[in-house]
There are 2 protein chains.
Amino acid sequence: MVVTLDDVAAGSGVSRSTASRALSGDARVKAATRSRVQAVAKDLGYSPNQAARNLASGRTGTVALVVPETNLLENPWVALVITGVCRAARRSGRSVTLWMDALSTERAPEVVRHGGADGLVIMASAFSREWISDVNTTRLPTVLVGEHDELPDAITVGSDNDEGGRLVARHLHELGHRKVAVLAGPQERPDARERLSSFLAEMALLDSPVPHYLVAEGDFSVGSGLSGLTSIIDEQPTAIFAANDLMAAGVLRGLRLAGKSAPNDVSVVGFDNLPIGKDLEPPLTTVNQDPLAMGEEAIRLMDRMIDGEPVESAVIPVKLITRRSTMPINVPLD
Amino acid sequence: MVVTLDDVAAGSGVSRSTASRALSGDARVKAATRSRVQAVAKDLGYSPNQAARNLASGRTGTVALVVPETNLLENPWVALVITGVCRAARRSGRSVTLWMDALSTERAPEVVRHGGADGLVIMASAFSREWISDVNTTRLPTVLVGEHDELPDAITVGSDNDEGGRLVARHLHELGHRKVAVLAGPQERPDARERLSSFLAEMALLDSPVPHYLVAEGDFSVGSGLSGLTSIIDEQPTAIFAANDLMAAGVLRGLRLAGKSAPNDVSVVGFDNLPIGKDLEPPLTTVNQDPLAMGEEAIRLMDRMIDGEPVESAVIPVKLITRRSTMPINVPLD
DNA sequence: ACTCATTATGGGAGCGCTCCCACCACAGCA
DNA sequence: TGCTGTGGTGGGAGCGCTCCCATAATGAGT
C-alpha cells in the first residue's frame, strides 16, 4: 500500500542502493540516472519512511526544544525564540520536537535522554541544577538559550545584556537624568545580574552613580514591577530602568495608580522589546533583544555541533529602541 | 556502546521477545520475570531506540502540531493551546513535533505529509484552502483547533463562541446598557461570526437590538481595536463589546486618547481572557476561553482517533470573567 | 495416566532504509 | 597486452525493535 524505496528502484530499473543515492543527492550516481529515479519517485508519490531512515543512519534529523512550561505561559519572549528555532530548523531540514517541562519531574524526560533527537536546545533559565546535569549525561550536543549558572562551560546563545545595560545608562544620562532608579531582575539569574551591573557600572562611569536606595529587585513579572515601584517612588527618581518590559509595564501602571505619568513625571525604560511594548501607554523605550535571531543562532550552532565542528557561544547584539516613555529632564511637555 | 534490548535479554536470561514484552507491560509475562527484566534494564541504563520501535511497530508515538507562524507571533492565546497540547501529549506518552509554517509554502510540509507522526493537530484559522486539502490527502487522523470554513466536516476543538456572545449580551443588559456597540472580528472567520451573531441575537431577544451603525469590524489586532473605535465612538454607546481582548486593549487605549475612560464613560468587554487582560487599566471584563483545555482536548480526541475509536468535535465551555472594565449604567463613579 | 486447554517463553522474520564492500566497464599508461 | 585507477552500480548485511507463530511448561478434566 505504501510506496517504498524498492518500488522506486524497480520502477526505474536500478538497485535500491542506487535509488537511495539518487534521492539523497549522492554525487556518485550519473546525472541521467538520478533524474530518472527522481522522476519515478515523484510519479509514484514516494516519500521516505522516516523511522527506517533514522534507524539505518543513526540520525534523526530532529532537535528537541526543551522549554519550561512556566516560561511560555508567562513570557511572550519565549514564543519568539521558538519561532526562530522552528524557522531555522526548517531551513536546515530538521524537525523540532517540543518538550515543555513542568519542572515537576526532577529528571530529564525520556525524549531528552534517549533516541528522539540529534541535539538539544534548552531554554535554560528556569531549570534546576539536577535537571540540567541529568541532561548532560546524554552526551547529546546541547545549546542553551540564555546562560545558566550551573553550566558555565556550556555552549549558549545569549543577548548582549552588558551592552544593553550600558545603552540604557547612556540614553538616560544623555537626556539629563541624574537620579535614576533601577528595578532589577531576580539576581539569581545571570542575565538579570548582567543588566544590573553593567548599568550601574556605566552610570558610575558617567559620574552619576546609583545609590543603593534607588535599587530594587523584582522577579520579571508585571506584579513585581508594580510592587517594586512602591519601594523607590518615594525617593523621587526622574527615571526608572526596569530590567524587563513586563516589570516596566507594571511600573507604568503603578505610576498611573499613583497619579503620576510617564514620561512627564518619570521616564521609564524596559528591556526585551516585547510586542506589547509599543501598545503600552506611553509606548515603551526599551532594549531590543531579537529572540528570533537567538533561536536561529541556536540551530546554527546545533548544526555545527552535530557535524562535529568546533563552536563557540554566541552573543546576539542588542539595540536601544527609543519611544515616548523617556524624555529629557526639565523639558516638560504641555 | 549503547545498551540494546538484546543486552537486557541476555542480562536477565530471557529472550529478546520476552524482554520486549516485559518492558512494554505485556500481560503475558510472569510477574517475576517482568520485574527481573525491568530491574536489569534499569541497571544497565537501557532505553529503547525510538527509531527501531517506530519502524517495527509502524507507529511513531508522535503528533505533529502545525501552527501558522503569524499566529504565535501575534497572539499569546496560541501559546496556551500549545502548552495544553504538550501537557496532554506527555501524559499519553506522545511527543510533539512543532511545525511552524510561514504559510509562504503553499503545500503542506513533508513532516505533515509523511512519516513523522501518527496524527495532526492543526491550528486552523490561518491556513488556506489549498494547504488544508493537501494535508487532507495524508489520511492521517487530524484535529483542528478552531473551525475552518473549508472543512465543515473536520473534527475540531472549538470554544463555545455562541454561548460567549450570549453571556456578554446578558451581562451588559443586566448592567442596564441599552445602547451597545460591537467591534466584531474578521467575518471570514467562523469564530468571529459566531461571536457577533450570537451577541446580536441575544440583544434582540432582550429587546435591545443593536443597530447597524453600532457595529464595526476589526481584524483581531490591537491596532484595529483602536481604529475601529473611531467609527463608533461618535454614536455615544454606553458599552462596547470587542470580539477579542487585543481589540479591547486597543479600545481602552483609544478611549484614553479620546479623553474618555472605561468604565466611567463606556463599559468595555473583551473575549479570550488573555493573561494581559488583568493587567490592563482597568482590568478587562472578558470571556474565558480556556485554551489549555482546548489543547488537552485535541490530544484526547487524537488518541481516540489513532486507536480507531469514533470521535466527535468538541466544544469547550466558556465563562464570563467580570472585572472592572464594566459597570452599571447611570451609577458613575467619580 | 492421557488428553486438551492455558500460560509463559523462544525463534525468527521482517519493518524500510543506509552504507560498506565488491564488482564491472572502460579509460589511460607502461 | 596487461595493470591500475576511477566513475558508476549492485548485493547484502545490518540498524533495534515488534509481533506472529511455534514450542515448552503447567494445570485441569475424565
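To find a chain, count down the sequence lines: A is the first, B the second, and so on, and within it residues start at 1.
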Pairing residues for [X] by the salt bridge (charged side-chain N to carboxylate O under 4.0 Å, His left out) criterion, not counting sequence neighbours:
X	value
A:Glu312	none
A:Asp7	none
A:Asp303	A:Arg94
B:Glu309	B:Arg304

Picking from [options], which would you name as closest to the side chain of [X]?
X	options	value
A:Val29	D:dT9, C:dG16, D:dC17	D:dT9
B:Leu5	D:dG10, C:dC17, D:dC17	D:dC17
A:Leu55	D:dC17, C:dG16, C:dG11	C:dG16
B:Ala52	C:dC17, D:dG16, D:dG10	D:dG16

Side chain to side chain contact (heavy atoms under 4.5 Å, CB included) partners for [X], two or more places apart:
X	value
A:Asp6	A:Thr4, A:Arg16
B:Arg36	B:Ser12, B:Val14, B:Thr33
B:Ser35	none

Q.
What residues from residues 30-40 of chain B pass a heavy-atom cutoff of under 4.0 Å to DNA chain C?
A. B:Lys30, B:Thr33
Can you check the [X] [atom1] to [N] [atom2] distance for me, whole Å?
X	N	atom1	atom2	value
A:Asn54	C:dT18	CG	P	10 Å
A:Asn49	D:dC15	CG	P	18 Å
A:Arg53	C:dC15	CZ	P	18 Å
B:Asp6	D:dC17	CG	C1'	9 Å
A:Tyr46	C:dG16	OH	C1'	8 Å
B:Gln50	C:dC15	CD	C1'	15 Å

Q: Would you please name every residue forming a side-chain hydrogen bond (donor to acceptor under 3.5 Å, both in side chains) with A:Arg300, sequence neighbours left out?
A: A:Glu297
Q. Between the side chains of A:Asp118 and A:Thr60, does any donor sit under 3.5 Å from an acceptor?
A. yes
Q | Base-contact (B) and sugar-phosphate-only (S) positions in nucleotides 19-27 of chain D, heavy-atom cut-off under 4.0 Å, - elsewhere | A | BB-------
Q) Taking A:Thr97 for the side chain and A:Ala64 for the main chain, is one N or O donor matched with an acceptor at less than 3.5 Å? A) no
Q. Could you give the angle between the helix axes at the two ends of the helix from C:dA1-D:dT30 to C:dA30-D:dT1, with five pairs per end, rounded to 10 degrees?
A. 50°
Q) Which pairs with one or both residues in residues 38-67 of chain B pass salt bridge (charged side-chain N to carboxylate O under 4.0 Å, His left out), sequence neighbours excluded? A) none
